[in-house]
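Bear in mind that the values here come from a model prediction, so they are computed numbers and not experimental data. When a ligand or atom number is given, it counts from 1 through the structure's own listing order.
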Amino acid sequence: MTDAMTADLAGRPIRVGLDVGGTKIDAVAVDPSGDIIARRRRPTGWGEDAVVASIVDVITDLAVDGGFASTAVGTVGVGIPGLVDADTGRVLHAVNLGVESLDLSERASAIVGAPVRVENDVKAAALGAAALRGIEGSMAYLNLGTGVAAGIVVDGAIWRGSRGTAGEVGHLSVDPNGRVCGCGQRGCIETFCGGGALARAWGRPGALPVRDILDAAESGDPTATALRADLFHGAAAAVRALVLSADVERVIIGGGLTALGDRLFTGIRGALRTGAEASPFMRSLQLDDRIELLPDGSPAAAFGAAIVGATTPSKEIVPHG
Ligand SMILES: [Zn+2]
């Protein structure tokens, strides 16, 4: 646990962390010993005003669930998709939320009465996964959801790189003749193992298309079998990219596709083993032993957001409003 998480700031000991996704907010309240004392999910509103209102409402709900006063909230951290300026708390181009430009930190802190710190959702989840798994040293968090992205944590801090793109392995092209990616390239890792790309390639309706693909593959459907191979191949490529570029000790896999559970984990491990068969060098890296899957429904992303909030620079800890 970070020192900031254990500090009791002026009688406002509760840290709130919010993972704001395209459809729902997952929110946790964390006490000074680092334990989650309340957790709440609610739908995310669409558009800038609705996103701010949803955040304020879920904090109120958390206080009721956790049996604390809203005024006991010392810090709030928000993990949110899109382009996030972690210094100013401004969010740009969060298209899944209907947000074009939002001064989230300023607007939410004025209402909540506590500092609100904002971070990219995958980077926040990386921090949370490292803390929940008790990982010291280096790790990468690989988020397999609609898209594919990763965050790298070194010694308890996010490693951003020079322009904030460290860990963006989803857009590493591994096949120049592959499917066109939303980013404009062909054959990006995301086109192999992103839930959105797989659903488009599958082309059949369903609530959980990637689960349908695995089920159909097990029944011998050739299209599904090929897409299942793409999923495992793409995720294995992402793990290799993270370890070969940053030599992280562990790669923790999270995101919506973790709902597939052991089928996903076993498939990725198998692809890593197969890919290393011909290479004594790759075998020596033992990649298949260095990956973990977060349990479906893990609070890692919201917990990581609470850490983001708690590491607010002390000069900003005076409550606003
Ligand atoms: Zn791409």
Side-chain angles (χ1 to χ4, degrees), residues 19-23 79-86 91-100 119-126 129 140-153 158-203 208-210 213-214 223-224 226-246 248 251-260 264 267-268 271-272 275 287 291 301:
D19 178 45
V20 178
T23 54
I80 192 166
L83 203 58
V84 175
D85 184 331
V91 182
L92 298 173
H93 313 307
V95 288
N96 291 338
L97 300 169
V99 168
E100 184 50 39
E119 180 57 271
N120 169 268
D121 57 345
V122 174
K123 289 184 169 72
Y141 171 77
L142 174 61
N143 195 78
L144 299 179
T146 306
V148 177
I152 296 171
V153 175
I158 297 164
W159 186 54
R160 298 174 187 281
S162 62
R163 300 189 183 192
T165 44
E168 287 286 357
V169 293
H171 297 292
L172 185 64
S173 172
V174 292
D175 179 1
N177 302 311
R179 288 188 280 271
V180 175
C181 181
C183 77
Q185 303 186 99
R186 274 186 185 276
C188 288
I189 283 175
E190 183 168 299
T191 67
F192 285 84
C193 61
L198 286 166
R200 281 192 296 280
W202 180 234
L208 291 165
V210 182
I213 289 169
L214 293 193
T223 303
L227 291 175
R228 179 179 64 179
D230 283 352
L231 166 61
F232 299 152
H233 167 74
V239 172
R240 275 195 294 272
L242 290 163
V243 174
L244 289 174
S245 59
V248 288
V251 178
I252 298 186
I253 299 167
L257 296 195
T258 58
L260 302 169
L264 179 69
I268 298 172
L272 287 168
L287 296 182
I291 63 170

- Between I291 and L142, is any pair of side-chain heavy atoms under 4.5 Å apart? no
- Query: Mind checking whether D121 and N143 have side chains closer than 4.5 Å, heavy atoms only?
  - Reply: no
- Message: According to salt bridge (Lys or Arg N to Asp or Glu O under 4.0 Å), who are the partners of R186, at least two apart in sequence or on a separate chain?
- Response: none
- Item | Non-neighbouring partners of H171 that pass ring-ring contact (aromatic ring centres under 6.0 Å, His included), sequence neighbours left out | none
- Task: Take the Zn ion (ligand 1) and tell me which protein N, O or S atoms are nearer than 2.8 Å.
- Result: H171 ND1, C181 SG, C183 SG, C188 SG
- Would you list the pairs meeting ring-ring contact (aromatic ring centres under 6.0 Å, His included) in which at least one residue belongs to residues 173-193, sequence neighbours left out? F192-H233
- Item | Non-hydrogen atoms of F232 and A271 that approach each other most closely | O-CB, 3.6 Å
